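What follows is a set of notes on a single structure, which appears directly below.
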Amino acid sequence: MNLLKKTGLLLGLPVVLLAIWWVATENSTDPYVPPLSDIFATFPETWTVERLTHDIVPSLLRLLTGYALAVVLGVTLGVVVGSFQTVRNTVEPVLEFFRSIPPPVLIPVVILFAGIGDSMKVIVIVFGCIWPVLLNTVEGVRAVDDVLRDTSRCYGIGGASRLRHLTLRAASPQIFAGMRQSLSLAIILMVISEMFAATNGLGFTIVQFQRGFAIPEMWTGIIVLGLVGVTLSLLFGLAERRALAWYFGLRRAQRGE
Amino acid sequence: MRNPPTLPKWGQGLVGLAALVVMLELLPRVGVVSPTYLPPFSTMVQALFEELGQAQFWSALADTVTAWAIGLAIAMVLGITVGVVIGSIPVLRAITASTIEFLRPIPSVALIPLVVLVFGNKIESSLTLIVYASFWQVLIQVLYGVQDVDPVVRETARSYRFGAWTQVRHVIWPTALPYVMTGFRLAATVALVLAITAELVIGIPGLGYEIAQAQSAGNVPSMYALVLVTGVLGVLVNLVARALERRVLAWHPSLRGEVYA
């Protein structure tokens, strides 16, 4: 019964919304809003295996490469900047400025240096996604509990094990918060950079559909992009829950649950 | 007292900024990077002053700021209204939770082809993208805020038979306000990013469009100057949002941190 209720709550509204969409567009003659049944019907013929390997896989590879580089660079620099007060005071305004530049405007700049190939897209993603990770890491490293810091010093914990067990561990909730912001930025930048200049990829394909007035196909593309966003966010949630299990447990304990 | 600073904090910050400027000036001059790709800082500043003297620049800036402000206002009103309604009725909250979790991560740029077809390069296109992207930021914060209402206060209000509006006005709103302001700050940044993205990709008049124009015309110094302007705009948006937050919440016992979500 409880399970039934849960499933109902989980799927109830989405099913109702889809049904409304289906019925409302059933006899639609508006060329831009085709019937949902048409969109579903075009789905299998549009997203074939070939398209999967030709468009979705390259897009995802760019996204993941850029994102991974941004996270590694952001955390590394963040630990350095966060650990030394003078460094932090000196570079903070510069970092704040770079973070405030809306990342998509970097696309024309990066095109100058890297052309319009894969490296341009990866560099754009790195430059756009590094700031939330970097600044959150700085905050996290700075806020390491003083007692823990002193304790680890008394026990003579230093070097790599200090970094691994104290600094990174204590900063990890903040780092994950930054990584979550960066993930949604990474998807946006992947799509935009492909819309701007590319020969394959999700963003490119969807714009091609739009320019060719292949409207149901364009809708399927929008749906695929949405699914990519949702899937990545789910995966991120899983990874986060695993990595931060200790933290969520600690918070539950503090709230007395 | 490790690393006693020799300069005050803002002084060290200035040193950092100055170092950046010197680097931007020297790298192209010495030839580490080609000046065609990265003009020296002085050339960028010169291009910036040329831009500042042109009416076209100011109208582009006004277009961007207008789209940003209208989009942000719509997103705030929608986000707060929907958030308070959903948040204060537990059944609604339970029903909508999965839908919100599903719709939120959909990248707003996925809507670009659709708005191009429906609205073309008009302001409605950027407004749609801005509202879609910033709405979720506000909504999520408001939902957390409404949830945060002290049960004792809620029960007391119920015992005194506060009406629905009085409850919203005097119980829910003050509790949720810090979260609303956090949502405002996050949404203000996102709205600016989307405003400029829409102009850049769709060609809606504004700063983003000017950047695209400068790029296709090969006017590299102007392009950099405009990128710097968007950065300054971003810094200003952030500063204004923070100042507003401090002002609106001056009465609040503790300026709360962000919700970890």
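Remember, predicted model here, so these are calculated numbers, not experimental data. So you know, we letter chains A, B, ... as the sequences are listed, proteins then strands, and number each from 1.
Only the side chain of Val33(B) has a heavy atom closer than 4.5 Å to any heavy atom of chain A. There is no contact between Leu226(B) and chain A, counting heavy-atom distances below 4.5 Å. Looking at Leu117(B), the atoms closer than 4.5 Å to chain A (heavy atoms on both sides) sit in the backbone and in the side chain alike. Neither the backbone nor the side chain of Ala97(B) comes within less than 4.5 Å of any heavy atom of chain A. Looking at Ser184(A), there are no atoms closer than 4.5 Å to chain B (heavy atoms on both sides), in backbone or side chain. When heavy atoms are compared at a cutoff of 4.5 Å, Ile215(A) approaches chain B solely by way of its side chain, counted from C-beta outward. When heavy atoms are compared at a cutoff of 4.5 Å, Ile111(A) approaches chain B solely by way of its side chain, counted from C-beta outward. Only the side chain of Leu227(A) comes within contact range of chain B, judged by heavy atoms closer than 4.5 Å. Contact of Val229(B) with chain A is not made at all, since no heavy-atom distance falls under 4.5 Å. For Leu202(A), no part sits under 4.5 Å from any heavy atom of chain B, backbone or side chain. For chain A, the nearby parts of Ile95(B) are the backbone and the side chain; heavy atoms of each come within less than 4.5 Å. Using a 4.5 Å cut-off between heavy atoms, Phe97(A) touches chain B through backbone and side chain atoms alike. In this structure, chain A has no heavy atom under 4.5 Å from any part of Leu207(B). Neither the backbone nor the side chain of Val91(A) comes within less than 4.5 Å of any heavy atom of chain B. Of the atoms belonging to Arg88(A), not a single heavy atom falls under 4.5 Å from chain B. If you measure heavy-atom distances from Thr96(B) to chain A, the contacts under 4.5 Å come from both the backbone and the side chain. Heavy atoms closer than 4.5 Å to chain A are found nowhere in Leu236(B), neither backbone nor side chain. Using a 4.5 Å cut-off between heavy atoms, Phe209(A) makes no contact with chain B at all.
Among the candidates Ala133(B), Gly13(B), Ala212(B), Pro107(B), the residue making the largest number of heavy-atom pairs closer than 4.5 Å to chain A is Gly13(B). Of all the listed residues (Ile192(A), Ile187(A), Val207(A), Val191(A)), the one sharing the greatest number of non-hydrogen pairs under 4.5 Å with chain B is Ile192(A). Contacts with chain B were tallied for Pro108(A), Gly229(A), Gly12(A), Ser233(A); Pro108(A) has the most, counting heavy-atom pairs under 4.5 Å. Of the residues considered (Val15(B), Thr189(B), Thr36(B), Ile112(B)), Ile112(B) shows the highest number of contacts with chain A, using heavy-atom pairs under 4.5 Å. Comparing Asn238(B), Leu114(B), Ile211(B) by how many heavy-atom pairs each has under 4.5 Å with chain A, the most go to Leu114(B). Annotation: maximal heavy-atom pairing with chain A below 4.5 Å, among Ile196(B), Val227(B), Val232(B), occurs at Val227(B).
Side-chain atoms of Gln141(B) never come within 3.5 Å of backbone atoms of Gly183(B) as a donor-acceptor pair (strictly under, hydrogens ignored). When atom types are taken as modelled, the side chain of Tyr67(A) and the backbone of Met179(A) share a donor-acceptor pair closer than 3.5 angstrom. In this structure a side-chain-to-backbone donor-acceptor pair under 3.5 Å is present from Ser125(B) to Gly120(B). In terms of modelled atom types and a separation under 3.5 Å, the side chain of Thr220(A) and the main chain of Ile39(A) share no donor-acceptor contact. The backbone N or O of Ala188(B) sits less than 3.5 Å from a side-chain atom of Trp68(B), completing a donor-acceptor pair. Side-chain N or O atoms of Thr137(A) include one that pairs as donor or acceptor with a backbone N or O of Val133(A) at under 3.5 Å. Distance alone, capped at 3.5 Å, is enough to place a donor-acceptor pair between the Asn136(A) side chain and the Pro132(A) backbone. Lys121(A) contributes no side-chain N or O that, together with a main-chain N or O of Ser59(A), makes up a donor-acceptor pair within less than 3.5 Å. A donor-acceptor pair under 3.5 Å is absent between the side-chain atoms of Arg162(A) and the main chain of Ser152(A), judged by distance alone. With Tyr247(A) contributing its side chain and Arg241(A) its backbone, the two residues share no donor-acceptor pair below 3.5 Å.
Taking 4.5 Å as the limit, every side-chain heavy atom of Glu199(B) sits out of range of all side-chain heavy atoms of Pro205(B).
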Fill in: Thr205(A) vs Asp55(A), side-chain hydrogen bond (donor to acceptor under 3.5 Å, both in side chains): CA-CA, chis, key distance, verdict
CA-CA 7 Å; Thr205(A) 312; Asp55(A) 291 312; 3.3 Å; yes
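We find that Glu245(B) and Arg242(B) are not joined by a salt bridge, their nearest charged nitrogen and carboxylate oxygen being 4.0 Å or further apart.
Two rings, from Tyr144(B) and Tyr179(B), have their centers 6.0 Å or more apart.
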